[in-house]
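Indexing begins at 1, ligand by ligand and atom by atom, following the structure's order.
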Amino acid sequence: MRQRLSALGLADMSQKLDAGERLSFDDGVRLFDCPDLLALGWLANREREKRHGGRTYYNFNIRLEATNVCVASCLFCSFARLKPGDAGSYTMSLEQAWDKLRQRADQPLTEIHVVNGLHPDLPFDYYLDLLRGFKRIRPDIHLKCFTAVEIAFFADLYGMSDERVLRELRAAGLDSLPGGGAEVFAERVRRKICHDKCGTDRYLDIHRQAHGMGMRSNITMLYGHIETPAERVDHMLRTRALQDETGGLQAFIPLAFHPDNNQMRKLPPPTAADSLRVHAVSRLMLDNIPHVKAFWIATGVEVAQLALWFGVDDLDGTVQEEKIYHMAGARTPEAMTTTAIRRLIRAAGRDPIERDTLYNVITGADAPDVTVALVQ
Ligand code: V47
């Protein structure tokens, strides 16, 4: 491999990684130029194994999108409907949302992941009650809810500071923030694809404040549309800089763009090779972030499985309900049993570990597989 890396001009980077030195912006751009996918994967896998060996994490979770009414007009989105009453729009009553949890009383769920549209008319109490109700039904469930974009929207709509919104949600049961809404941090891209939602500095500051209150969070990156390799690396470096400051990020999650039914539908979806490359470069650039996740709904199950040798150590979870990707053309199922997840991890030669949201181990690799029926 040393000869191959030298021939590719990557020997210096390999040495830096060996010495525990950080890769620079230029290094990141060069990695995206590397034509040899397996050499790139080899480097990323080495970093993955330093941190996690063959361990590969997943969780028993449920995804919930309580409303798709959204005042933002992101070009990549197939899920949002502008106004209540528009064709295809929906808003769950609190009882309907809580029923999603009640219906799964027999499942060993550890997490609810909520992402919503930016609804102009719901009162703040809707969100506070949503959280309180979930905790009433299952006090031990981890609530990973509302992207930083939603937090900023609540602050503007209800006339509060971002900090107060976070504090009130936290008091109602919020445990951590998911990584959605990050898209691409470069202003050029944000102006074009999501001009009317919270900007990069505020997005990162909301994560900073959440970390200051003891909450953990994730950051995503939507790739495979109009962004350049340099803009991808810039996104990773802004994420790395925040993590240097706070240490509160758990996972970085590249999200493959899906072009069906949205305003960027003329673009082709990213190829499998590009997906593997983005996950590998993420692992190499983000030396201070513990986990790189392949969200299997976004990458597809097969690419997620291969990504376990390209820097990825986490696959998200059982999911069970997913609208954002399926309205944008995803052909993956909406749910995977833990037995199916464990099988695909083992088939890739890795060790499946069920975790909770904070990466505490629930079920080790040697435990017997127990198939729990999912609800869809
Ligand atoms: O922010 C929307 C993306 C995100 C499309 O934190 C699209 O653990 C591709 O953030 N094609 C929501 N992507 C999902 C998300 C997420 C997923 C899994 C785990 C975690 C986590 C977070 O979905 C949005 C947006 O970036 N998205 N439309 C589309 N057409």
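Counting heavy atoms of neighbouring residues, nucleotides and ligands inside a 6.0 Å radius, atom NZ of Lys192 does not exceed 12 of them. Surrounding CG of Asp106 are at most 12 heavy atoms belonging to other residues, nucleotides or ligands under 6.0 Å away. Other residues, nucleotides and ligands contribute more than 12 heavy atoms inside 6.0 Å of the CG atom of Asp196.
Regarding atom 8 (O) of ligand 1, its nearest protein heavy-atom neighbour is Lys144 NZ, 2.7 Å. Of the protein's heavy atoms, Ile324 CG2, 3.3 Å lies nearest to atom 2 (C) of ligand 1. Counting protein heavy atoms only, atom 23 (O) of ligand 1 is closest to Tyr325 OH, 3.5 Å. Among all non-hydrogen protein atoms, the one lying nearest atom 4 (C) of ligand 1 is Leu255 CD1, 3.8 Å. Considering only non-hydrogen protein atoms, atom 11 (N) of ligand 1 sits nearest to His258 N, 2.8 Å. Counting only heavy atoms of the protein, atom 26 (O) of ligand 1 lies nearest to Glu183 OE1, 2.5 Å. The single protein non-hydrogen atom nearest to atom 10 (O) of ligand 1 is Gly180 CA, 2.9 Å, given as residue, atom name and distance. Distance from atom 21 (C) of ligand 1 to its nearest protein heavy atom, with residue and atom name: Ile253 CD1, 3.2 Å.
The aromatic rings of Tyr127 and Phe124 are tilted relative to each other, their planes meeting at an angle between 30° and 60°.
Close placement of the Phe154 and Phe146 rings is indicated, their centers lying within 6.0 Å of each other. For Phe257 and Phe76, the ring centers sit 6.0 Å or farther from each other. Checked against a 6.0 Å centroid threshold, the rings of His291 and Tyr57 count as neighbours.
The residue Thr147 has no part lying near ligand 1, judged by heavy-atom distances below 4.0 Å. If you look at Ala256 next to ligand 1, the close heavy atoms, those under 4.0 Å, all belong to the backbone. With a heavy-atom cut-off of 4.0 Å, Val115 does not touch ligand 1 at all. Both the backbone and the side chain of Phe76 come within contact range of ligand 1, each with a heavy atom under 4.0 Å. Under 4.0 angstrom from ligand 1, there are no non-hydrogen atoms of Glu322. The proximity of Asp316 to ligand 1, defined as any non-hydrogen pair under 4.0 Å, is limited to the side chain.
In terms of polar-atom proximity, defined here as any N/O pair under 3.5 Å, Gly181 does make such a contact with ligand 1. Not a single N or O atom of Thr220, backbone or side chain, sits closer than 3.5 Å to an N or O atom of ligand 1. Between Gly179 and ligand 1, at least one N/O pair is under 3.5 Å apart. Considering backbone and side-chain N/O of Arg63, none are found under 3.5 Å from N/O of ligand 1. Considering backbone and side-chain atoms together, His113 places no N or O closer than 3.5 Å to any N or O of ligand 1.
No donor-acceptor pair under 3.5 Å is formed between the side chain of Lys100 and the backbone N or O of Leu64. Not a single donor-acceptor pair under 3.5 Å links the side chain of Gln305 to the backbone N or O of Leu308.
Side-chain contact between Asp369 and Arg346 is present, with heavy atoms from C-beta onward closer than 4.5 Å. Contact of the Thr318 side chain with the Ile62 side chain is not registered, since no non-hydrogen atoms from C-beta on lie closer than 4.5 Å.
Under a 4.0 Å criterion applied to the non-hydrogen atoms of Ala328, ligand 1 contributes the atoms 30 (N). Interface of Asn218 with ligand 1, defined as ligand atoms under 4.0 Å from a residue heavy atom, comprises 6 (O), 8 (O), 21 (C). Taking every non-hydrogen atom of Leu222 and a distance limit under 4.0 Å, the qualifying atoms of ligand 1 come out as 7 (C), 9 (C), 13 (N). Near Phe295, with a cut-off below 4.0 Å to any heavy atom, the atoms of ligand 1 are 17 (C), 18 (C). Numbered from 1 in the order shown, with element, the atoms of ligand 1 that lie under 4.0 Å from a heavy atom of Asn262 read 30 (N). Taking every heavy atom of Pro178 and a limit of under 4.0 angstrom, the matching atoms of ligand 1 come to 6 (O).
Heavy atoms of Met327 come nearer than 4.0 angstrom to ligand 1 in no pair at all.
Figure legend: Arg48 and Trp309 shown without cation-pi pairing, the cationic atom not lying both under 6.0 angstrom from the six-membered ring centre and within 45 degrees of its axis. A cation-pi contact, defined as under 6.0 Å to the ring centre and within 45° of the axis, links Lys323 to Tyr90.
Residues Glu231 and Arg188 are paired through a salt bridge, judged by an N-O separation under 4.0 Å between the basic side chain and the carboxylate.
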Original post:
Is there a salt bridge (charged side-chain N to carboxylate O under 4.0 Å, His left out) between Asp287 and Arg22 once you walk through the steps?
Top reply: CA-CA 7 Å; Asp287 57 354; Arg22 263 201 163 165; 2.9 Å; yes
